[in-house]
Amino acid sequence: PSGSLGVCVFTHPVRYDACTATQLPALDWQVRPDRARPLFEWAVANDLFVLLNPGSPLSKDFPPFELNDVLHGRWI
């Protein structure tokens, strides 16, 4: 989401390769190679959004409260 800090994650290397810097919400967003659980825990601890597959029709943004629910078995 524009105006928020966050990190982008991809479900497959092809999705990463298809993404360009112009598809990131802001220049200060990160792309990290971490596994999902540690990444989600880090994002929640730092109050960051996670954007899944930016630039894809299957893109989804997860605010920290949704990530926290996922980590505790409460699915969206």
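- V7 is not listed as a side-chain neighbour of L51, based on a closest heavy-atom distance of 4.5 Å or more.
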Please test V50 against L67 for side-chain contact (heavy atoms from CB on, under 4.5 Å), starting from the C-alpha separation and ending with a verdict. CA-CA 8 Å; V50 167; L67 289 175; 3.4 Å; yes
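- Looking at residues two or more places apart in sequence or on another chain, you find no side chain to side chain donor-acceptor pair (under 3.5 Å) involving D47.
- Taking the side chain to side chain donor-acceptor pair (under 3.5 Å) definition, one finds that S59 meets it with nothing, sequence neighbours left out.
- Residues P54 and F10 meet the side-chain proximity criterion, which asks for heavy atoms closer than 4.5 Å.
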Intermediate values then yes/no, side-chain contact (heavy atoms from CB on, under 4.5 Å), L71 and V44: CA-CA 9 Å; L71 288 169; V44 168; 4.0 Å; yes
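- Side chains of F40 and N68 form no contact here, defined as non-hydrogen atoms less than 4.5 Å apart.
- Between K60 and E66 there is a salt bridge, since at least one side-chain N of the basic residue sits less than 4.0 Å from a carboxylate O of the acidic one.
- Atom CG of N53 sits about 12.5 Å away from atom CG of D61, to the nearest 0.5 Å.
- With rounding to the nearest 0.5 angstrom, the CG atom of L5 is 10.0 Å from the CG atom of N46.
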